[in-house]
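Just so you know, these numbers use all the heavy atoms, side chains as well, and skip hydrogens, waters and symmetry mates. Everything numeric here is computed off the predicted structure, so don't read it as measured data. Numbering starts at 1 and runs along the sequence shown.
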Amino acid sequence: MQFQWYPGHMTKAKRQMQEDISLIDLVIELVDARIPYSSRNPDIDDLGRQKARLVLLNKADLADEERNKAWCSHFSAQGIYAVKIDSRSRAGMKEVQRVIQEACKEKIERNKRRGIINRPVRAMVVGIPNVGKSTFINSFAGRSCAKTGNKPGVTKGKQWIRLNKEVELLDTPGILWPKFEDQQVGLHLALIGSINDELLQTDELSVELIRTLETDYPQVFASRYQIEDITDAAAVLEQIAKNRNCIKKGGIYDTSKAAGLLLEEFRSGKLGRITIETP
């Protein structure tokens, strides 16, 4: 199963971000806390090389708490500030405000010495599609000022947002990179919904999810679907179809419907708090 999705507007968005970086004090990068490695665009490291950096582990409420802590420590060791957040409930927003000021302290002090007072920190918000940038901006601002959606590609152009006297945000479209060298990265992005589902085979994707969870989270299948043995992924799908009454005409189990159900319940957190990747 090959994973790739790079719509034309992403090339234009990347070019625009390169032009805008000179205006920026801080790069705020949102990642999905369930896959912090795979949900980082490697181009962002080049883009923000000379800037203060803050990584926000979004959807941390859906991720394994011990692994949230491990990832925060991992980024900190690289000299990158990291905060775990849940944009939907606004959890972690006060900490984000504090860390922005901490990350840009030298810049703020330098401005004061030059007589530049009350100039807000200018932060560029970046991340891959469907990682929750617009929801974060709206939650951080306490008002609706960025379009949100539950599918990738909602934000198509940049927009400046004045949050308060201390921070201005530049929202940017979600961008991937032109080629996934590691197909495991593509798989993880597909599992959380950052690659358009219409381009993928849901049945195959759900089988990969079962295999992915088999090592660290096998208990979720027993607790959610009353399935103890998950060594045969195809049989697991059939059992989910049976247990959830996914049946087509003629009494045939609808494994495609069961596959969609499994993916939805993973993405929404109904399977429990799961992090696929470790530092």
**Item:** Between E265 and Y225, a side-chain donor and acceptor under 3.5 Å
**Value:** yes
**Asked** Would you say the side chain of I100 lies within less than 4.5 Å of the side chain of Y81, judging by non-hydrogen atoms?
**Response** no
**Request:** Let me see the working for L26 and M124 under side chain to side chain contact (heavy atoms under 4.5 Å, CB included), right down to the final yes or no.
**Result:** CA-CA 6 Å; L26 171 70; M124 178 185 283; over 6 Å; no
**Item:** S38 backbone acceptor or donor facing E277 side chain under 3.5 Å
**Value:** yes
**Request:** Please identify each residue that fulfils salt bridge (charged side-chain N to carboxylate O under 4.0 Å, His left out) with R273, with sequence neighbours left out.
**Result:** E65
**Message:** Between I137 and I161, is there a side-chain heavy-atom distance shorter than 4.5 Å?
**Reply:** yes
**Request:** Would you check, one step at a time, whether the test side chain to side chain contact (heavy atoms under 4.5 Å, CB included) holds for N130 with I192?
**Result:** CA-CA 9 Å; N130 208 32; I192 67 165; over 6 Å; no
**Request:** For the pair D61 and K84, find out whether any cationic side-chain nitrogen is under 4.0 Å from an anionic carboxylate oxygen.
**Result:** no
**Message:** Does Q50 have more than 12 heavy atoms from other residues, nucleotides or ligands lying within 6.0 Å of its CD?
**Reply:** no
**Request:** Determine whether L170 and L23 make a side-chain contact, defined as any pair of heavy atoms from C-beta on separated by less than 4.5 Å.
**Result:** no
**Prompt:** Between atom CD1 of I35 and atom CD1 of I276, what is the distance when rounded to the nearest 0.5 Å?
**Reply:** 6.5 Å
**Asked** Cluster question for you: counting only ILVMFWY and a side-chain heavy-atom cut-off of under 4.5 Å, with indirect links fine, are I240 and I274 together?
**Response** yes
**Prompt:** Are any side-chain N or O atoms of D216 and backbone N or O atoms of P218, one a donor and one an acceptor, separated by less than 3.5 Å?
**Reply:** no
**Complete:** With D25 as partner, the option from R119, E168, K51, E106 fulfilling side-chain contact (heavy atoms from CB on, under 4.5 Å) is R119
**Message:** Let's go through D64 and R34 carefully: what are the C-alpha distance in whole Å and the side-chain angles of both, what is the deciding distance for salt bridge (Lys or Arg N to Asp or Glu O under 4.0 Å) to 0.1 Å, and is it a yes or a no?
**Reply:** CA-CA 8 Å; D64 187 315; R34 297 165 294 180; over 6 Å; no
**Message:** What I'd like to find out is whether the side chain of F140 reaches to under 4.5 Å of the side chain of Q97, using heavy atoms alone.
**Reply:** yes
**Request:** For the pair E208 and R211, find out whether any cationic side-chain nitrogen is under 4.0 Å from an anionic carboxylate oxygen.
**Result:** yes
**Prompt:** What are the two closest heavy atoms between I28 and A123, and how far apart are they?
**Reply:** CD1-CB, 3.7 Å
**Request:** With the side chain counted from C-beta on, respond yes when L30 and V125 share a heavy-atom pair under 4.5 Å apart, and no when they do not.
**Result:** yes
**Prompt:** Going by atom types only, do D86 and S89 share a side-chain donor-acceptor pair under 3.5 Å?
**Reply:** yes
**Message:** Can you give me the closest heavy-atom contact between L54 and V96, atom names plus distance?
**Reply:** CD2-CG1, 4.4 Å
**Prompt:** Quick one: do K105 and E102 make a salt bridge, cutoff under 4.0 Å?
**Reply:** yes
**Prompt:** Under a single-linkage definition using a 4.5 Å side-chain heavy-atom cutoff for Ile, Leu, Val, Met, Phe, Trp and Tyr, are Y253 and L261 assigned to the same hydrophobic cluster?
**Reply:** no
**Prompt:** Within the distance-only criterion (no hydrogens, no angle test), does the side chain of E166 pair as donor or acceptor with the backbone N or O of P120 below 3.5 angstrom?
**Reply:** no
**Message:** Set out, in order, the CA-CA distance, both residues' side-chain angles and the distance that settles side chain to side chain contact (heavy atoms under 4.5 Å, CB included) for L62 and F266, then state yes or no.
**Reply:** CA-CA 9 Å; L62 302 178; F266 163 68; over 6 Å; no
**Item:** Check: F221 and D229 side chains under 4.5 Å, non-hydrogen atoms
**Value:** no
**Message:** Could you measure the distance from the CD1 atom of I227 to the NZ atom of K242? Nearest 0.5 Å is fine.
**Reply:** 10.0 Å
**Request:** Taking the side chain as every heavy atom from C-beta outward, state whether L187 and L205 have any pair of such atoms under 4.5 Å apart.
**Result:** yes
**Prompt:** For R67 and T275, which heavy atoms make the closest approach, and how far apart are they?
**Reply:** NH1-O, 2.7 Å
**Request:** Go through the steps for V207 and E204 under the test side chain to side chain contact (heavy atoms under 4.5 Å, CB included), then give the verdict.
**Result:** CA-CA 5 Å; V207 165; E204 290 183 48; 5.7 Å; no
**Asked** Could you give the distance from CZ (R224) to NZ (K270), rounded to the nearest 0.5 Å?
**Response** 6.5 Å
**Message:** I'd like to know if the side chain of R122 reaches the main chain of I24, judged simply by a donor and an acceptor atom lying under 3.5 Å from each other, with no hydrogens or angles considered.
**Reply:** no
**Request:** Applying ring pair (Phe, Tyr, Trp, His ring centres under 6.0 Å), name anything that partners Y217, two or more places apart in sequence or on another chain.
**Result:** none
**Fill in**
When every non-hydrogen atom of L57 is compared with those of N68, the smallest separation belongs to CD1-O, 4.0 Å
**Asked** Ignoring hydrogens and geometry, is there a side-chain-to-backbone donor-acceptor pair from S206 to D203 under 3.5 Å?
**Response** yes
**Request:** Identify the two heavy atoms, one from A60 and one from A33, that lie closest to each other, and give their separation to 0.1 Å.
**Result:** CA-CB, 3.8 Å
**Item:** Approximate separation, where rounding is to 0.5 Å, of L262 CG and L213 CG
**Value:** 7.5 Å
**Prompt:** Does any N or O in the side chain of S76 come within less than 3.5 Å of the main-chain N or O of C72, such that one atom is a donor and the other an acceptor?
**Reply:** no
**Asked** Okay, side chain of S39, backbone of D32: is any donor-acceptor separation there less than 3.5 Å?
**Response** yes
**Fill in**
For V131 and V31 the tightest heavy-atom approach is CG2-C, 3.4 Å
**Prompt:** Once you round to the nearest 0.5 Å, how far does OG1 of T278 lie from CD of E66?
**Reply:** 13.5 Å
**Request:** Working to the nearest 0.5 Å, report the span between CG of N138 and CZ of R90.
**Result:** 10.5 Å
**Message:** Side chains of M93 and S87, heavy atoms from C-beta outward: is any pair under 4.5 Å?
**Reply:** yes
**Asked** Quick one: does NZ or CZ of R88 land under 6.0 Å from the six-membered ring centre of F136, within 45 degrees of the ring axis?
**Response** no
